Amino acid sequence: MRLTILGGGGFRVPLVYRALLGDRGEGRVTRVTLHDLDGTRLRAVATVLAEQASGVPDAPGIEVTTDLDEALRGADFVFSAIRVGGLEGRAADERVALAEGVLGQETVGAGGIAYGLRTVPVATDIARRVAALAPDAWVINFTNPAGLVTEAMSRVLGDRVIGICDSPVGLGRRMARALGADAGRVWTDYVGLNHLGWLRGLRVAGRDELPRLLADPEALGSLEEGRLFGTDWLRTLGAIPNEYLHYYYFNRETVQAYRRAERTRGVFLRDQQAGFYAEPSLRRWESTLAEREATYMADNREASGAGRRADEDLGSGGYEKVALALMRAVARDERATLILNVRNRTTLSVLDADAVIEVPCLVDANGARPCAVDPLPGHATGLVTAVKAVEREIMTAAESGSRAAAVRAFALHPLVDSVTVANRLLDGYTAVHPGLAHLNRK
């Protein structure tokens, strides 16, 4: 099979290739095409992949190209992990939001809206090229904001685009470890939107063990989520939130921590990765990755007093393993259950059929189908419907160039506290991102 990776010069691409090297089954990926607009980054990543493949028999071949159409022709799977505007754009998103006293994180709040406004048009164009040049290909989307971008692409590709994220995987793995269970043999009751979901149960041999975990202060406090949110709040919720919900539940503390930080996360990653791309090697990539993982959500942990990450949580989140499992299930018709971003259909009654949600799915050669889940509790329903409404405004603004829709996206988000601030945010983002300048004219 042939896999095309869009954003092939991205720092995390070697994680995907490492997973492919370990796949020895029939119908495995034999050729990987890396596509990126930046030839220098492409060559750097290709250097690392060549080192990874050294001594591995029948390692998937590597091709690189800056031509999108060339990359897509003949692809069986397309892995999309682009970053429109690069890390410099992410740093600008953070800076503009923090200047207004609101969160600038890349997928949550004002920063996520700005990122979505400039990413949705590009992702939609990619979807159209896939439909024209590789209509039988399956698209696996990891481009952030993953749920929003997957929904935008699904308007062109339907169910042939599936979004993935490593956050629910990591959460389920940590819960299983705390319970002494095999993560591969538990049923994770998880539901929400991307970066806005809750683990509501963890079934081991048919028995929900989450109540036992919530009742054990020592075990609960040993978890990253226990330290991040506090055990009292987790017991109050009766569920374990995705780590990104820390931005909602402790927004004031997190914004203060971000404003006190010497560098924002985007600036840190930009500066850190610059050294790798200047002198690329497998060893340097590994050391840079280790530092990246160790500092993940550092400002949130500072705000909550959670301390450093536990050693067992420092491995990669696992999105590359989810991508490989998804490809295997589809290509080999191997039934699997994975938490994915797919169209809602009738899963959550509070959302329409086309809304992309993040839930356990049954996957086989026909693609991914969401499993039935219980309704969300009231407060979760409020957050999910509010954020989905924001995503729809982002898509409207991206498609039409409507300033009014863009202002609504900012103003309606739960983490933006004023219509006046919403207007100033849009003015700030159009000033630093030339590609958004048209939003000031309509």
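Below, each value reflects all heavy atoms present in this structure, side chains not excepted, and no hydrogens, waters or symmetry copies. Please read these numbers as outputs of a predicted model, since none were measured by experiment.
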Between [X] and [Y], what is the shortest heavy-atom contact and its length?
X: Gly9; Y: Leu42; result: N-CD2, 3.9 Å
X: Leu213; Y: Leu220; result: O-CB, 3.8 Å
X: Leu289; Y: Phe11; result: N-CZ, 3.6 Å
X: Val363; Y: Ala368; result: CG2-CB, 4.0 Å

If you measure from the Lys or Arg side-chain nitrogens to the Asp or Glu carboxylate oxygens, is any gap between [X] and [Y] under 4.0 Å?
X: Glu225; Y: Arg174; result: yes
X: Arg12; Y: Asp166; result: yes
X: Asp93; Y: Arg118; result: yes
X: Arg343; Y: Asp159; result: yes
X: Glu106; Y: Arg83; result: yes
X: Asp69; Y: Arg129; result: yes
X: Arg260; Y: Glu302; result: yes
X: Asp364; Y: Arg369; result: yes
X: Arg155; Y: Glu399; result: yes
X: Arg332; Y: Asp23; result: yes
X: Glu63; Y: Arg31; result: yes

Any sub-3.5 Å donor-acceptor pair from [X]'s side-chain atoms to [Y]'s backbone N or O?
X: Thr143; Y: Ser80; result: yes
X: Glu151; Y: Val356; result: yes
X: Thr4; Y: Ala71; result: yes
X: Lys388; Y: Leu193; result: no
X: His433; Y: Gly435; result: no
X: Tyr17; Y: Pro60; result: yes
X: Tyr247; Y: Asn300; result: no
X: Arg160; Y: Asp136; result: yes

Q: Apply the test side-chain contact (heavy atoms from CB on, under 4.5 Å) to residues Glu253 and Ser304: give CA-CA distance (whole Å), side-chain angles for both, the deciding distance (0.1 Å), then the verdict.
A: CA-CA 8 Å; Glu253 294 86 348; Ser304 62; over 6 Å; no
For the pair [X] and [Y], name the ring-plane relationship: parallel under 30°, tilted 30 to 60°, perpendicular over 60°.
X: His195; Y: Tyr244; result: parallel
X: Tyr429; Y: Phe410; result: parallel
X: Phe142; Y: Phe79; result: parallel

No-hydrogen, no-angle side-chain donor-acceptor test under 3.5 Å, [X] and [Y]:
X: His35; Y: Asp67; value: no
X: Arg200; Y: Tyr190; value: no
X: Gln105; Y: Thr107; value: yes

Q | With Asp58 via side chain to side chain contact (heavy atoms under 4.5 Å, CB included) - residues at least two apart | A | Arg24, Arg28
Q | Partners meeting side chain to side chain contact (heavy atoms under 4.5 Å, CB included) with Arg43 (sequence neighbours left out) | A | Thr40
Q) Any cation-pi pair here, Arg2 with Phe77, using under 6.0 Å and within 45°? A) no
Side-chain contact test, heavy atoms from C-beta onward, threshold under 4.5 Å: evaluate it for [X] versus [Y] and give yes or no.
X: Val139; Y: Met153; result: yes
X: Thr288; Y: Gln272; result: yes
X: Val373; Y: Leu348; result: yes
X: Ile113; Y: Ile394; result: yes
X: Val161; Y: Ser154; result: yes
X: Val191; Y: Thr347; result: no
X: Tyr319; Y: Leu15; result: yes
X: Val169; Y: Ile339; result: no

Q.
Please determine whether side-chain contact (heavy atoms from CB on, under 4.5 Å) holds for the pair Leu3 and Thr33, giving the CA-CA distance in whole Å, both sets of side-chain angles, and the decisive distance to 0.1 Å.
A. CA-CA 6 Å; Leu3 168 65; Thr33 299; over 6 Å; no
Q: Begin from the C-alpha positions of Tyr296 and Glu243 and carry the test side chain to side chain donor-acceptor pair (under 3.5 Å) through to its verdict.
A: CA-CA 11 Å; Tyr296 177 65; Glu243 58 204 355; 2.7 Å; yes
Q | Audit row: Thr150, Asn141, side chain to side chain donor-acceptor pair (under 3.5 Å) steps and yes/no | A | CA-CA 6 Å; Thr150 300; Asn141 178 61; 3.0 Å; yes
Q: Start with the C-alpha gap between Arg284 and Glu51, add the side-chain angles, then the distance that decides, and say whether salt bridge (Lys or Arg N to Asp or Glu O under 4.0 Å) holds.
A: CA-CA 12 Å; Arg284 184 146 194 175; Glu51 288 191 61; over 6 Å; no
Q.
Working note: Asp271 + Arg263, criterion salt bridge (Lys or Arg N to Asp or Glu O under 4.0 Å); need CA distance, chi angles, decisive distance, verdict.
A. CA-CA 10 Å; Asp271 295 346; Arg263 291 182 292 179; 3.3 Å; yes
Q: Applying salt bridge (Lys or Arg N to Asp or Glu O under 4.0 Å), run through Arg283 and Glu286 and close with a yes or a no.
A: CA-CA 5 Å; Arg283 177 176 294 182; Glu286 289 173 339; over 6 Å; no
**Q.** Stepwise side-chain contact (heavy atoms from CB on, under 4.5 Å) check, Trp198 with Leu376
**A.** CA-CA 9 Å; Trp198 295 261; Leu376 288 164; 4.2 Å; yes
**Q.** Full working for side-chain contact (heavy atoms from CB on, under 4.5 Å) between Val16 and Val32
**A.** CA-CA 10 Å; Val16 178; Val32 178; over 6 Å; no
